[in-house]
Number of protein chains: 2
Amino acid sequence: MQFSSRMPIAVHILLCIAEFDGKYKTTSTFLAGSLGVNPVIVRNTLSKLKAAGLVRIESGVGGASLLKKPEDISLWEVFSAVEDAHSLFRYHDNPNPQCPVGRGIHKVLDKHLQSVNDTFKEQLQNICLQSLLDSLGS
Amino acid sequence: MQFSSRMPIAVHILLCIAEFDGKYKTTSTFLAGSLGVNPVIVRNTLSKLKAAGLVRIESGVGGASLLKKPEDISLWEVFSAVEDAHSLFRYHDNPNPQCPVGRGIHKVLDKHLQSVNDTFKEQLQNICLQSLLDSLGS
DNA sequence: TCTAGTTGTAAGCATGATTATTACAACAAG
DNA sequence: CTTGTTGTAATAATCATGCTTACAACTAGA
């Protein structure tokens, strides 16, 4: 099991917007050319990034721009904007409550898995768009 | 996106085997009763745990038993036994190599996401079956 | 006002993963 | 030989993902 490619796609889009700011009009078609995906995928992704307050979109005329500085956009913001991320883990639905293991499995596991979730979030929070831009150049 | 329920199912199975050792014959049907899933799911899961060297299965006669002590079985062993876990993340397939962002996106992201993967693995390695058994009682 | 390019979304489709279920050959113990 | 079990294949239902077509609504400029 893996995450969808939505977060990488969103990051790619944001990096393009930052990189081509002022040089090109970053329309969905233009961006789709760099991504190698359908323009509608770009529009849907941009729509979620807009809802998360990360970008502004010029309706009608076309083009998108960042609403925050690249150093103030974390990968977690991007991730949670495009991915319906509740928990990384899922349980089987109907453990038997009459069995001591079935009764406790959810709570017992959750105690540990929650911290995996938390660490995952913290790590993504510590990666900002600017550091990705920096590595792009090198 | 989430992981499948395979790891929680496998953990549940292993906990039952440890808990009911000597008291009940842990057949796939018996285990399925505690899990609330189909016995075939249990057999397929046990088959993967066996391939990973974690359990022994009595063919024909029925029943499974642990091959390692609960304190020596980590959640990572269980996870990687049942989940085809390469990387947590996936990329879009065809970024444009003529675009500086498209050319670099994979490598630039991978540099950071790899450490998320590593941390994920380390955390699961630090959780053992015995500690889950302990919390079960309380 | 008209035109051209764009966004926002809905709808449909193909594919693959997940889970449940049926079925049955192979096996072991009594 | 019978009974209960494992191992595994096959099927089906459901859902997520990603691609694509289509089209109304919008904006700027001629």
Side-chain angles (χ1 to χ4, degrees), chain A residues 1-10 12-13 16-17 20 24-33 35-52 55-65 79 81-96, chain B residues 1-10 12-13 16-17 20 24-33 35-52 55-65 79 82-95:
Chain A
M1 240 305 327
Q2 287 183 310
F3 293 110
S4 71
S5 56
R6 283 204 269 269
M7 186 270 273
I9 284 178
H12 190 151
I13 288 174
C16 277
I17 294 176
F20 296 123
Y24 292 94
K25 190 166 72 161
T26 50
T27 67
S28 62
T29 307
F30 172 81
L31 293 168
L35 278 270
V37 301
N38 194 283
V40 176
I41 305 283
V42 174
R43 281 182 230 148
N44 287 337
T45 305
L46 273 174
S47 171
K48 288 179 184 168
L49 294 174
K50 176 185 172 186
V55 302
R56 195 163 47 99
I57 305 178
E58 307 297 334
S59 182
V61 49
S65 51
F79 181 87
V82 298
E83 200 88 39
D84 325 341
H86 357 276
S87 165
L88 292 178
F89 301 96
R90 184 192 315 168
Y91 293 91
H92 44 307
D93 288 330
N94 304 305
N96 189 339
Chain B
M1 239 305 325
Q2 287 184 309
F3 293 110
S4 72
S5 57
R6 284 202 270 271
M7 185 270 274
I9 285 178
H12 190 150
I13 288 174
C16 277
I17 294 176
F20 296 122
Y24 293 95
K25 190 167 73 161
T26 51
T27 67
S28 62
T29 306
F30 171 81
L31 293 168
L35 279 269
V37 301
N38 194 283
V40 176
I41 305 282
V42 174
R43 282 183 229 147
N44 288 336
T45 305
L46 274 175
S47 170
K48 289 178 185 172
L49 294 175
K50 175 186 174 187
V55 302
R56 194 163 48 101
I57 305 177
E58 307 297 333
S59 181
V61 50
S65 52
F79 181 86
V82 298
E83 199 88 39
D84 327 340
H86 357 276
S87 165
L88 290 178
F89 301 95
R90 184 192 315 169
Y91 293 91
H92 44 306
D93 289 330
N94 304 304

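Protein chains get the first letters and strands the later ones, always in sequence-line order, with residue 1 at the start of each. What's counted below: heavy atoms across the whole structure, side chains too, no hydrogens, waters or symmetry copies.
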Nucleotide [N], atom [atom2] - distance to [atom1] of [X] in whole Å:
{"X": "A:Asp93", "N": "C:dT18", "atom1": "CG", "atom2": "C1'", "answer": "12 Å"}
{"X": "A:Ile9", "N": "D:dC19", "atom1": "CD1", "atom2": "C1'", "answer": "11 Å"}
{"X": "B:Gln2", "N": "D:dC15", "atom1": "CD", "atom2": "P", "answer": "14 Å"}
{"X": "B:Ile41", "N": "D:dT11", "atom1": "CD1", "atom2": "P", "answer": "17 Å"}
{"X": "B:Asn94", "N": "D:dG18", "atom1": "CG", "atom2": "P", "answer": "13 Å"}

Member of B:Val42, B:Val40, B:Ile41 meeting the side chain to side chain contact (heavy atoms under 4.5 Å, CB included) criterion with B:Asn44: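 Among the candidates, only B:Val40 passes.
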Identified side chain to side chain contact (heavy atoms under 4.5 Å, CB included) counterpart of B:Thr26 within the set B:Leu46, B:Val55, B:Ile17, B:Ile57: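 Passing option: B:Ile17.
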Side-chain heavy atoms of B:Arg6 within contact of B:Lys48, under 4.5 Å: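 The answer is yes, as the side chains (C-beta and beyond) meet within the 4.5 Å cut-off.
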Heavy-atom side-chain proximity of A:Val37 to A:Thr45 below 4.5 angstrom: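 Side chain of A:Val37 against side chain of A:Thr45, heavy atoms only: no contact under 4.5 Å found.
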Proximal nucleotide (of C:dA20, D:dT17, C:dT19) relative to the B:Ser5 side chain: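 Nearest nucleotide to the side chain: C:dT19.
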CZ/B:Arg90: more than 12 non-hydrogen atoms of other groups inside 6.0 Å: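 For B:Arg90, atom CZ is crowded (more than 12 foreign heavy atoms under 6.0 Å).
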5' priority, DNA chain C, between B:Asn38 and B:Asp84 [closest heavy atom]: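 Of the two residues, B:Asp84 wins.
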Short side-chain N/O contact from A:Arg6 to OP1 or OP2 of D:dA16, under 4.0 Å: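 Answer no for this pair, as no side-chain N or O of A:Arg6 is under 4.0 Å from OP1 or OP2.
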N/O (side chain, B:Arg90) to phosphate O (OP1/OP2, D:dG18) under 4.0 Å: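 Affirmative; the distance criterion is met.
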Short side-chain to backbone donor-acceptor contact, B:Ser5 and B:Pro8, under 3.5 Å: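 Between the backbone of B:Pro8 and the side chain of B:Ser5 there is no qualifying donor-acceptor contact (under 3.5 Å).
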Nucleotide-resolved protein contact map, nucleotides 1-13 of chain C, B/S/- at heavy-atom distance under 4.0 Å: ----BBBBBB---
